[in-house]
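Bear in mind that the values here come from a model prediction, so they are computed numbers and not experimental data. A, B, ... follow the sequence lines: proteins, then strands. Residue 1 opens every chain.
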Number of protein chains: 2
Amino acid sequence: MNAGVDDRRASILRAVIEAYINSAEPVGSAHVASLPGIGVSSATIRSEMNALEAEGYLQQPHTSAGRVPTERGYRRYVDELMTSIDVGPERIDRVDHFFNHAHLEIEELLSSTSRLLTSITDCAAVVTGPSPQRTHVLSVQLVSLGGRAVLIVVVDANGSVEKRTMEWPSEPEERHLIEIGTILTNHFRNREVREVDDIPHSPDAMVDTLIPACILAAKEAVRGAERDGVFIDGASRVVRAFDALETVRGIISILERHYMVVSLMRSILSKGQGVAIGSEHGLSSLRECAVIVAPYRVDGVQVGTVGLIGPTRMNYGSVIGVAQLVSEGLGKRLSEG
Amino acid sequence: MNAGVDDRRASILRAVIEAYINSAEPVGSAHVASLPGIGVSSATIRSEMNALEAEGYLQQPHTSAGRVPTERGYRRYVDELMTSIDVGPERIDRVDHFFNHAHLEIEELLSSTSRLLTSITDCAAVVTGPSPQRTHVLSVQLVSLGGRAVLIVVVDANGSVEKRTMEWPSEPEERHLIEIGTILTNHFRNREVREVDDIPHSPDAMVDTLIPACILAAKEAVRGAERDGVFIDGASRVVRAFDALETVRGIISILERHYMVVSLMRSILSKGQGVAIGSEHGLSSLRECAVIVAPYRVDGVQVGTVGLIGPTRMNYGSVIGVAQLVSEGLGKRLSEG
DNA sequence: GTTGGCACTCGGTAGACTTAACTGCTAAAG
DNA sequence: CTTTAGCAGTTAAGTCTACCGAGTGCCAAC
């Protein structure tokens with residue numbers, strides 16, 4: 001078993017996987033042999049495919065069928081066999097055009113990014129917004145909602161607004177609200193919320209006693225907003241790739257639960273990877289899917305992610321490329337402010 | 001053809017529809033004859049069913065099968081045949097418990113209402129929030145985002161926050177922002193945004209020239225927020241009721257486009273109805289679904305709606321009942337503030 | 001090591017037959 | 001004139017069989 005043999009075997013594996021990605025049908029030796037760049041007969045291919053099956057990269061749905069890649073096969077393909085990350089010029093154009101022409105509120109930007117991703121890749125797309133916990137605060141305001149209810153409104157440097165209602169000990173006075181707003185704005189300004197654990201003071205005793213609760217509420221407002229910044233689109237698109245009803249239902253029910261998707265993406269990233277194939281991520285409803293994750297950076301700091309969920313037989317080269325392209329574009333766009 | 005005959009025919013229609021709702025399978029004459037309260041033989045039922053088919057209320061999937069209700073059949077059932085709107089005590093309890101224990105921000109309230117609806121009915125649930133256009137404004141604030149970007153933040157009486165970025169003619173000065181905030185807060189306070197079309201003035205010339213653009217931005221902020229106040233849940237649940245893949249795909253792709261769902265509900269309401277069955281609403285992807293809409297009122301004014309989307313063979317009595325129950329509960333809850 | 005040849009294996013399709021669930025019709029009974 | 005039992009007629013769905021074709025594994029020859 002020398003390098004030459006392994007090279008050939010590898011390129012046969014690549015050919016099988018790419019053929020399967022295109023056709024979604026088991027690939028036979030004759031088809032591979034007919035491909036340009038493969039200079040050997042189908043009999044040779046057969047014996048190589050046999051070896052690839054023994055190595056766990058391919059499998060046969062049944063004896064008289066062609067071969068289909070296993071999870072392990074896809075994994076190797078992504079890790080070392082993929083010809084190149086080839087997005088295609090027209091897709092690059094679409095992405096460029098999108099970011100050059102996007103003038104939107106942050107939520108609209110993220111949600112249309114998600115729409116862009118799904119329409120380019122035919123996968124379901126996930127975009128998580130910049131974590132408000134890690135964003136600098138610009139302003140804190142208090143607004144009376146009537147009765148003892150007070151709304152605390154936090155604006156951060158991304159232009160996101162977080163809020164939370166709190167209960168005042170008694171009917172709030174306008175001047176207290178304004179004063180606390182000013183104190184908190186100065187206290188939080190240009191700090192990340194998670195860093196703040198000291199408490200400012202006021203000469204006014206009444207105000208002074210209220211401040212700790214307000215700080216707590218502001219932090220909770222920001223924590224609560226973490227959940228909202230997830231934009232998922234394209235469920236109906238992924239679903240086209242499958243024809244087993246149970247699979248479809250499983251996928252939909254995961255995509256519907258945004259927190260599941262977020263924690264899925266987090267867990268993939270935390271393993272230091274960008275691609276999870278089939279059962280690698282452990283969500284059995286998505287066992288026929290691959291998940292691509294690409295974090296994006298604002299001013300050098302990773303603040304959010306872009307993700308794509310599609311069938312394991314997706315076109316990895318192009319999907320991974322698009323994910324990277326868009327995550328870069330989004331990071332750049334958000335860095336400009 | 002006297003009243004007695006029509007009564008019997010009607011109760012046979014009712015029996016067929018209810019049996020079909022329970023079993024999802026074509027209903028035969030023998031089964032209807034065996035039901036309590038039907039004192040005639042299957043032969044008689046057959047001839048009545050024949051008549052009902054001629055009248056367009058029933059149809060046969062094929063000659064040797066039982067009968068299935070037509071759209072027209074369901075329509076008549078909903079309009080005059082439905083035994084009663086029967087929600088069932090345990091469901092009533094769940095709804096009561098929900099509204100008694102819900103202490104949440106408005107968005108969380110609406111989204112968990114939507115979750116409640118879908119889990120009770122197994123339909124997809126839609127909750128549209130109170131229109132911010134028709135809500136009184138409590139406060140308007142301006143926050144500098146850096147450079148010439150300024151965020152205008154509008155808080156309304158429901159505790160919703162709307163926002164919009166605008167471009168300042170030059171680097172904004174803090175005192176201008178505060179002053180305009182105060183002027184606009186006073187100007188908008190306790191008015192509905194859509195009513196405001198006059199423009200307040202300021203002695204400061206610089207401020208005075210900026211005000212019209214700010215009013216515009218505030219109005220756009222509110223208009224833009226209209227879209228966000230839609231909470232849809234339970235796509236994976238409706239989908240369980242169907243086994244044709246194309247149907248499933250169609251439903252998902254509609255539910256994914258929130259604006260389509262909103263305009264669907266609006267159009268049903270504008271026809272003065274609360275139930276649209278099959279093709280009545282004109283969305284071909286939902287031709288196998290029925291849509292139930294129930295508006296809710298806050299302080300006597302209709303501000304939003306609750307909707308349910310399920311298969312045409314849903315249990316109308318219970319689903320309509322739940323929709324009404326929840327819309328009342330939600331209205332009451334929001335009236336308390 | 002590579003190749004053509006060949007026997008073999010299965011899944012899938014097509015046709016024939018059977019079964020079961022209904023119906024509509026008819027003629028007799030109420 | 002309505003209701004009913006009985007029965008022949010219709011059709012989808014299930015079962016069985018045969019057959020085809022795609023694709024394999026193996027082997028002898030190159």
In whole angstrom, give the distance that lies between atom [atom1] of [X] and atom [atom2] of [N].
{"X": "B:H62", "N": "C:dA20", "atom1": "NE2", "atom2": "P", "value": "16 Å"}
{"X": "A:H31", "N": "D:dA22", "atom1": "NE2", "atom2": "C1'", "value": "14 Å"}
{"X": "A:I38", "N": "C:dT2", "atom1": "CD1", "atom2": "C1'", "value": "15 Å"}
{"X": "A:E48", "N": "D:dC26", "atom1": "CD", "atom2": "C1'", "value": "16 Å"}
{"X": "B:M49", "N": "C:dT23", "atom1": "CE", "atom2": "C1'", "value": "10 Å"}
{"X": "B:R46", "N": "C:dA21", "atom1": "CZ", "atom2": "P", "value": "15 Å"}

| Do B:Y57 and B:Y77 have ring centroids that are under 6.0 Å from one another? |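 Ring centres of B:Y57 and B:Y77 not closer than 6.0 Å.
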For [X] and [Y], does a side-chain donor sit closer than 3.5 Å to a side-chain acceptor?
{"X": "A:T70", "Y": "A:Q59", "result": "no"}
{"X": "B:S253", "Y": "A:R237", "result": "no"}
{"X": "B:S318", "Y": "B:R91", "result": "yes"}

| message | Under a 4.0 Å threshold between the charged nitrogen and the carboxylate oxygen, would B:E280 count as salt-bridged to B:K271? | response |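 Salt bridge absent between B:K271 and B:E280.
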On the nucleotide [N], are OP1 or OP2 found under 4.0 Å from the side-chain N or O atoms that [X] carries?
{"X": "B:N50", "N": "C:dG24", "answer": "yes"}
{"X": "A:R8", "N": "C:dT2", "answer": "yes"}
{"X": "B:T63", "N": "D:dT11", "answer": "yes"}
{"X": "B:S47", "N": "D:dT3", "answer": "no"}
{"X": "A:R67", "N": "D:dG25", "answer": "yes"}
{"X": "B:S64", "N": "D:dT11", "answer": "no"}

| query | Which is true for B:S29 with a 4.0 Å heavy-atom rule: it touches a base, it touches only sugar-phosphate, or it touches nothing? | reply |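 Counting heavy atoms under 4.0 Å across all strands, the contact made by B:S29 is with sugar-phosphate only.
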| Touch check for A:A65, heavy atoms < 4.0 angstrom, all strands: base, sugar-phosphate only, or nothing? |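 Counting heavy atoms under 4.0 Å across all strands, the contact made by A:A65 is with sugar-phosphate only.
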| request: Let me know, please, whether B:P61 or B:G39 comes out on the 5' side of the other along DNA chain D by nearest nucleotide. | output: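 Its nucleotide being nearer the 5' end, the pick is B:G39.
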